[in-house]
Amino acid sequence: MQDYIKIYKNAIDSDFCKHLITKFETDSENHEKISEPTGMSFQQLNMFNQGTYKSWEQQIRILQQCFIKHLTIYKKECNIIPTQWPEKYGFEAFRLKKYLPNNIDQFPEHVDVTNKENNIRFLVFFLYLDDNDAGETMFPQIGKESLCKKGNLLIFPPQWQYLHQGMKPVVKPKYIVGSYLHYVN
């Protein structure tokens, strides 16, 4: 199962990561606070929302190119043959998330496909936008982790076998861009 969890170092330029953080911070009117009884807590900006899409269009294109480039590498490294892969697929909205070092913000153990509505997801993308000594993505049942390193891209399946969690940042905020590949008709 670990073979399907891939970390691509320096998948995107450091300056672009810094640009995304700055743009996020200056677009605060489009932030949404997520706080659930499960312990999930962070701020996010949905780049695909009607009110934000136009101003994030250029960044979306660059992120799509990065994800598609590394998807090609991922499929080759995982020996995925054409009959294993859907003929048509699309991206879920890109969400830029900020986790504060407040001993609250985190994403506890979970899987990303849990019901009929979200079972269209078949692959996860997490792009880390800044170096952080904490806030790593952990796969506790597998004993694997992905550290918060600027420009690194984590790709893995979202189903029940891939229990994971976003740990709390300690000293400074953690920023990531996340998305999924979807099955489409």
Side-chain angles (χ1 to χ4, degrees), residues 1-24 27 30 42 44-98 107 110-113 117-132 135-137 139 142 144-159 161-162 164 166 174-185:
M1 284 187 9
Q2 286 194 43
D3 293 345
Y4 294 99
I5 301 171
K6 301 291 186 187
I7 301 166
Y8 299 100
K9 295 181 178 179
N10 302 308
I12 202 142
D13 182 75
S14 176
D15 289 337
F16 184 66
C17 292
K18 194 181 310 182
H19 166 74
L20 288 175
I21 292 171
T22 301
K23 187 168 177 61
F24 173 84
D27 197 359
N30 289 306
F42 53 86
Q44 75 174 2
L45 182 143
N46 182 336
M47 293 181 200
F48 283 38
N49 273 351
Q50 189 173 7
T52 58
Y53 184 81
K54 210 57 168 159
S55 66
W56 285 86
E57 195 170 8
Q58 180 183 4
Q59 291 79 16
I60 291 168
R61 269 197 305 275
I62 292 168
L63 290 167
Q64 282 177 327
Q65 290 169 358
C66 172
F67 293 164
I68 289 168
K69 173 186 172 184
H70 289 87
L71 175 61
T72 302
I73 298 166
Y74 179 87
K75 288 167 54 177
K76 184 176 181 178
E77 288 180 354
C78 293
N79 297 314
I80 296 172
I81 60 173
T83 55
Q84 287 177 283
W85 198 256
E87 191 174 308
K88 295 180 183 177
Y89 58 89
F91 285 103
E92 186 168 303
F94 295 171
R95 291 180 180 85
L96 200 158
K97 297 179 181 180
K98 176 184 182 180
F107 208 134
H110 67 286
V111 294
D112 296 319
V113 172
E117 287 74 39
N118 63 25
N119 75 4
I120 62 174
R121 295 171 169 172
F122 69 92
L123 204 60
V124 180
F125 296 91
F126 289 158
L127 178 65
Y128 300 96
L129 301 181
D130 205 1
D131 291 334
N132 208 314
E136 63 276 11
T137 302
F139 296 87
I142 302 171
K144 189 168 177 97
E145 67 181 9
S146 176
L147 302 176
C148 294
K149 296 294 176 192
K150 185 189 297 186
N152 282 7
L153 176 62
L154 170 64
I155 302 177
F156 64 95
Q159 290 81 13
Q161 304 95 324
Y162 294 92
H164 60 284
K174 170 178 120 176
Y175 296 88
I176 67 167
V177 173
S179 185
Y180 301 87
L181 283 188
H182 283 188
Y183 296 107
V184 296
N185 294 332

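- Legend: residues meeting side chain to side chain donor-acceptor pair (under 3.5 Å) with Asp13, ordered by chain and number and at least two apart, are absent.
- In this structure, the side-chain contact (heavy atoms from CB on, under 4.5 Å) partners of Asp27, at least two apart in sequence or on a different chain, are Glu29, Asn30, Leu45, Thr52, Ser55, Trp56.
- For residues 69-95, every residue pair satisfying the side chain to side chain donor-acceptor pair (under 3.5 Å) rule, not counting sequence neighbours, is listed here: Tyr8-Glu77, Glu92-Arg95, Glu92-Arg121, Glu92-His182.
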**Request:** Report the C-alpha distance between Cys66 and Phe16 in whole Å, list the side-chain angles of each, state the deciding distance to 0.1 Å, and finish with yes or no for side chain to side chain contact (heavy atoms under 4.5 Å, CB included).
**Result:** CA-CA 12 Å; Cys66 172; Phe16 184 66; over 6 Å; no

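- Residues forming a salt bridge (charged side-chain N to carboxylate O under 4.0 Å, His left out) with Asp130 (at least two apart in sequence, or on another chain): Lys172.
- Taking every heavy atom of both residues into account, Leu127 and Gly151 meet most closely at CD1-O, 3.8 Å.
- Residues Lys174 and Glu136 approach most closely at NZ-O, 4.4 Å, considering heavy atoms.
- By the side chain to side chain donor-acceptor pair (under 3.5 Å) test, Ser179 is found to be paired with no residue, residues two or more places apart in sequence or in another chain being considered.
- Residue Tyr162 comes nearest to Pro157 through the heavy atom pair CB-O, 3.3 Å, listed as atom of the first residue, atom of the second, then distance.
- The side-chain contact (heavy atoms from CB on, under 4.5 Å) test with Ile5 is passed by exactly one of Thr137, Leu154, Val124: Leu154.
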**Request:** Test side chain to side chain contact (heavy atoms under 4.5 Å, CB included) on Ile12 and Leu63 and set out the steps.
**Result:** CA-CA 8 Å; Ile12 202 142; Leu63 290 167; 4.3 Å; yes

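- Remark: Glu57 pairs with Tyr53, Lys54, Arg61 by the side-chain contact (heavy atoms from CB on, under 4.5 Å) rule, at least two apart or across chains.
- Applying the salt bridge (Lys or Arg N to Asp or Glu O under 4.0 Å) test to every pair with at least one member in residues 175-185, sequence neighbours left out, gives no pairs at all.
- Separation of atoms CD1 (Ile176) and NZ (Lys97) is listed at 5.5 Å; rounding is to 0.5 Å.
- In this structure, the ring-ring contact (aromatic ring centres under 6.0 Å, His included) partners of Phe67, at least two apart in sequence or on a different chain, are Phe94, Phe125.
- Val113 and Asn119 get closest at one heavy-atom pair: CG1-CA, 3.6 Å.
- If you take CD on Gln58 and NZ on Lys23, they are separated by 8.5 Å, rounding to the nearest 0.5 Å.
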**Request:** Take Met47 and Val177 through the side chain to side chain contact (heavy atoms under 4.5 Å, CB included) test and state the conclusion after the steps.
**Result:** CA-CA 10 Å; Met47 293 181 200; Val177 173; 4.2 Å; yes

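- Under the side chain to side chain donor-acceptor pair (under 3.5 Å) criterion, His110 pairs with Asp112, His164, not counting sequence neighbours.
- In this view, Lys98 and Glu25 satisfy the side chain to side chain donor-acceptor pair (under 3.5 Å) rule, not counting sequence neighbours.
- Listed by chain and number, the residues in a side-chain contact (heavy atoms from CB on, under 4.5 Å) with Tyr183 are Pro86, Phe122 (sequence neighbours excluded).
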**Request:** Before giving the answer on ring pair (Phe, Tyr, Trp, His ring centres under 6.0 Å), spell out for Phe48 and Phe91 the whole-Å C-alpha distance, their side-chain angles and the decisive distance to 0.1 Å.
**Result:** CA-CA 10 Å; Phe48 283 38; Phe91 285 103; 8.1 Å; no

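- The shortest non-hydrogen separation linking Cys17 to Tyr128 is SG-O, 4.1 Å.
- The two residues Ala11 and Leu153 come nearest to each other via the heavy atoms CB-CB, 3.7 Å.
- For Lys149, the side-chain contact (heavy atoms from CB on, under 4.5 Å) test picks out Asp131, Leu147, Asn152, with sequence neighbours left out.
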